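Working notes, structure below.
Naming: A, B, ... by sequence-line order, numbering from 1 per chain. Only a predicted model underlies this, so the values are computations on that prediction, with no experimental measurement involved.
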Protein chains: 2
Amino acid sequence: MSVGIKISLNDKLYLRDPQQTSLGQNIIRHSILLIDEIGFEDFNFKKLSLQMGSTEASVYRYFENKHLLLIYLVSWYWEWVSYLIDINTMNIEDPVRKLEKTIETVVYASKDNPSIDYVNESVLHRLIISEGTKAYHTKLVDKENRDGFFLNYKRLSEKVADVIIEVNPEFPYPHALASNMFEMANNHIYFALHLPRLTDVAVKDGNYDEVQKMLKYFAFSLLKCDQKK
Amino acid sequence: MSVGIKISLNDKLYLRDPQQTSLGQNIIRHSILLIDEIGFEDFNFKKLSLQMGSTEASVYRYFENKHLLLIYLVSWYWEWVSYLIDINTMNIEDPVRKLEKTIETVVYASKDNPSIDYVNESVLHRLIISEGTKAYHTKLVDKENRDGFFLNYKRLSEKVADVIIEVNPEFPYPHALASNMFEMANNHIYFALHLPRLTDVAVKDGNYDEVQKMLKYFAFSLLKCDQKK
DNA sequence: TAATAATGATAGTATTACTATTATTTATTA
DNA sequence: TAATAAATAATAGTAATACTATCATTATTA
């Protein structure tokens, strides 16, 4: 982004760092757009290179396969959310306000100012919502987890778990509540758009207020404490 | 099953009803085992037919492709859970007890008596946990939803939402809580096994007691009412 | 300016995701 | 029980996918 943050990701995810070259940045840019457009199953490096005006071989020099590219994008996203949470809660002392602000950030991450020019955050958000869990639902989870492929998500969960503990030190499931909040945020946006009988919230024109309200209700109900506003 | 229930599924999911022939039943039996073994991505009809001692062409006469087979298995699973919930809560009047029993059933569905001989329920459960959400995370969701491919899951959610409303008619998110309970049950078993930093529960040797306890804690905390025991 | 590294162009291979055709077995029914 | 139909097996074939390899060209950097 203009301010110059660098999203730091596990370097085993790629063969050549895509953030460092313009071809690499193009791969990121166009893979986000193309996966969003045609879905992860139909996406491949041939189509991507065609759309980019590059070649299959070149893309393969950056990523071993599309699965690792997806993990890369997912990691990028959570690292980005994590960064936004840091900024947005920076000067907040009160843990309840901090948790509220965290929830707001998770739901509206993509609406936060434009940032890194080769990443369309709002398209990426949509992609994470529909394809995100495929990153870790694979036969290779254990190996990939050992290789640290999911660290960004786990660290973010732990960061939020820490806030949860601050709000209520007696709460027995801080990590589960944290990860569930992330999963729920994405799931219920998806449900609202595609399987509305599975939820009670509605979403229209990118307005996720009802999702946000529900997440706050769930969190503060469980933590047996009142919201500030 | 011996008692003679018939799991009724949308007939657009298949080309020929697999429950009606022994080849069809074999397809179900072996696809469950093989997907569990090698994962959905590496699974294909060639490998399946090889393992069954049949041919690719024969499998294609039952299912258009592996994606529809997955939806079939997922639907089968939720219909089966739904059936178990009906039996297990049949004579329970008290909604709180009913919800407790429902949660127990969801978490331990696979442990319920052996049933239909061509379905290994406990392997199927494991498969749903790791591959289940791929059934509806696809570019075709809307079309497939219109075709009624996800009815079993939606009806089950609504059934549980009804119990939730009985427990607390003021609760504003009964559908979301219901679907979230299903998602959470599977997610946290998966997390406990593969990404433990994302949860607080542990699972060993198929013992899901901690998951069950957590789900009850979440549900009854949200519904602001005490559990019975 | 020479050397090095990155990219493009092109080709090739094994596997996947099917469809088609014909032969054979099994089930049905006359 | 023979005739007929239906289901399955065997085999082959095609287009697309998921890569790998090679060599030419263009940038970069020493």
Side-chain angles (χ1 to χ4, degrees), chain A residues 11-31 34-35 37-73 118 131 134-135 137-140 143-144, chain B residues 11-31 34-35 37-73 118 131 134-135 137-140 143-144:
Chain A
D11 59 16
K12 284 188 195 151
L13 288 172
Y14 47 78
L15 301 169
R16 206 197 295 297
D17 185 354
Q19 292 188 102
Q20 305 248 306
T21 69
S22 73
L23 178 60
Q25 297 180 359
N26 256 312
I27 291 174
I28 302 306
R29 171 188 288 114
H30 284 98
S31 61
L34 189 55
I35 295 174
E37 188 189 334
I38 66 179
F40 187 66
E41 276 67 40
D42 284 351
F43 168 86
N44 62 43
F45 283 0
K46 175 110 209 200
K47 290 175 185 167
L48 172 62
S49 56
L50 219 78
Q51 166 139 342
M52 287 168 59
S54 177
T55 67
E56 224 181 331
S58 298
V59 177
Y60 274 106
R61 284 192 199 99
Y62 281 81
F63 289 100
E64 262 178 71
N65 52 52
K66 70 173 181 173
H67 175 237
L68 289 187
L69 170 58
L70 179 64
I71 299 183
Y72 183 94
L73 295 177
Y118 54 91
E131 316 285 2
K134 292 173 189 170
H137 280 117
T138 152
K139 266 290 153 181
L140 298 171
K143 186 203 173 308
E144 294 181 340
Chain B
D11 60 14
K12 283 187 196 152
L13 288 172
Y14 47 77
L15 301 169
R16 206 196 293 297
D17 186 353
Q19 291 187 103
Q20 306 247 307
T21 68
S22 71
L23 178 61
Q25 297 181 0
N26 257 313
I27 291 173
I28 303 305
R29 173 187 287 115
H30 284 99
S31 61
L34 190 55
I35 294 174
E37 190 188 332
I38 65 178
F40 188 65
E41 275 67 39
D42 284 352
F43 169 87
N44 62 43
F45 284 180
K46 175 112 208 199
K47 289 176 187 168
L48 172 63
S49 57
L50 218 77
Q51 167 140 338
M52 289 170 57
S54 178
T55 67
E56 223 181 331
S58 298
V59 176
Y60 274 106
R61 279 192 208 98
Y62 281 81
F63 290 99
E64 262 178 70
N65 53 51
K66 70 173 183 173
H67 174 236
L68 289 186
L69 170 57
L70 179 65
I71 299 183
Y72 183 93
L73 295 177
Y118 54 91
E131 316 285 2
K134 292 172 190 170
H137 280 115
T138 150
K139 267 289 153 184
L140 299 170
K143 187 205 172 305
E144 294 182 338

### Query
Side chains of B:Ile71 and B:His67: closer than 4.5 Å at any heavy-atom pair?
yes
#### Entry: Earlier contact from the 5' end, DNA chain C, for B:Glu41 and A:Thr55
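Its nearest nucleotide lies further toward 5', so the answer is A:Thr55.
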Take atom [atom1] of [X] and atom [atom2] of [N], then tell me their distance rounded to the nearest Å.
X: A:Leu70; N: D:dA18; atom1: CG; atom2: P; value: 13 Å
X: A:Leu48; N: C:dG8; atom1: CG; atom2: C1'; value: 15 Å
X: A:Lys46; N: C:dA11; atom1: NZ; atom2: C1'; value: 11 Å
X: A:Asp17; N: C:dT7; atom1: CG; atom2: P; value: 12 Å
X: B:Asn26; N: D:dA7; atom1: CG; atom2: P; value: 17 Å
X: A:Leu23; N: D:dT26; atom1: CG; atom2: C1'; value: 13 Å
X: B:Asp42; N: D:dC19; atom1: CG; atom2: P; value: 10 Å
X: B:Glu56; N: C:dT19; atom1: CD; atom2: C1'; value: 10 Å

Nearest to side-chain heavy atoms of [X], which nucleotide of [options]:
X: B:Ser54; options: D:dA9, D:dT8, C:dT7; result: D:dA9
X: B:Asn65; options: C:dG8, C:dC18, D:dC19; result: C:dC18
X: B:Lys47; options: C:dA9, C:dT16, D:dA9; result: C:dT16
X: B:Tyr60; options: C:dT19, D:dT8, C:dT7; result: C:dT19
X: A:Ala57; options: C:dT7, D:dA10, C:dT10; result: C:dT10

### Task
Would you tell me whether B:Glu64 and B:Tyr14 have side-chain atoms, one donor and one acceptor, within less than 3.5 Å of each other?
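Not at all, the side chains of B:Glu64 and B:Tyr14 share no donor-acceptor pair under 3.5 Å.
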Classify the nucleic acid contact of [X] as base, sugar-phosphate or nothing, counting any heavy atom under 4.0 Å across all strands shown.
X: A:Tyr62; value: sugar-phosphate
X: B:Arg61; value: base
X: B:Glu64; value: sugar-phosphate

### Query
Got a salt bridge between A:Glu37 and A:Lys47, using NZ or NE/NH1/NH2 to carboxylate O under 4.0 Å?
no
### Query
Is the A:Phe40 ring parallel, tilted or perpendicular to the A:Phe43 ring (thresholds 30°, 60°)?
parallel
#### Entry: Comparing A:Asn44 and B:Gly24 on DNA chain D - which has the more 5′ nearest nucleotide
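So the residue in question is B:Gly24.
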### Query
Relative to A:Tyr62, does A:Arg16 satisfy both conditions: NZ or CZ under 6.0 angstrom from the six-membered ring centre, and within 45 degrees of the ring's axis?
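Yes, a cation-pi geometry.
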